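Here, residue 1 is the first one in the sequence, and each next residue gets the next number. Because the structure is a prediction, the values reported are computed rather than measured.
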Amino acid sequence: MNTYLNGQYTRGINISFIVGSIQSIYPSIVLCSTVGYKYAGLQGGQWCTCGNYYGQRGRARDSECDFLCPAAPAIMCGGSMRNSIWEIN
């Protein structure tokens with residue numbers, strides 16, 4: 001996982017779609033990989049994003065992704081205007 005900045009009007013990952021109420025990164029990874037994307041991201045503890053590139057807004061400290069995943073509290077699921085990004089293998 002890496003942490004990247006997000007803007008209010010310019011997203012840090014090229015969003016194809018956003019799905020709210022995701023409880024951990026695993027459903028986001030499955031969703032994004034099923035539709036053929038390279039990266040899955042979570043923001044604010046629940047917003048899944050998918051894309052083939054990320055980092056347009058720059059890197060943030062990993063400590064800024066401080067929202068726990070509700071269904072997997074050992075994993076950080078982004079932060080306020082911060083994306084936790086995972087590469088899908």
Point to revise | Flag if over 12 foreign heavy atoms under 6.0 Å of OH, Y26 | key: no
Distance, nearest 0.5 Å, that separates [atom1] of [X] from [atom2] of [Y]:
X   : Y   : atom1 : atom2 : answer
I29 : S24 : CD1   : OG    : 8.0 Å
N89 : S33 : CG    : OG    : 10.5 Å
K38 : N52 : NZ    : CG    : 5.5 Å
N83 : E64 : CG    : CD    : 12.0 Å
C50 : L31 : SG    : CG    : 5.0 Å

**Study point:** Note, W86 side chain near I75 side chain (heavy atom, < 4.5 Å)
**Key:** yes
Check your understanding: If we only count heavy atoms from C-beta on, is the C48 to P27 side-chain gap below 4.5 Å?
Key -> no
Minimum-distance pair of heavy atoms, taken over all atoms of [X] and [Y]:
X   : Y   : result
C69 : I25 : SG-N, 4.1 Å
Q46 : L42 : C-CD2, 4.1 Å
Y53 : Y39 : N-CD1, 4.0 Å
M76 : S84 : O-OG, 3.6 Å

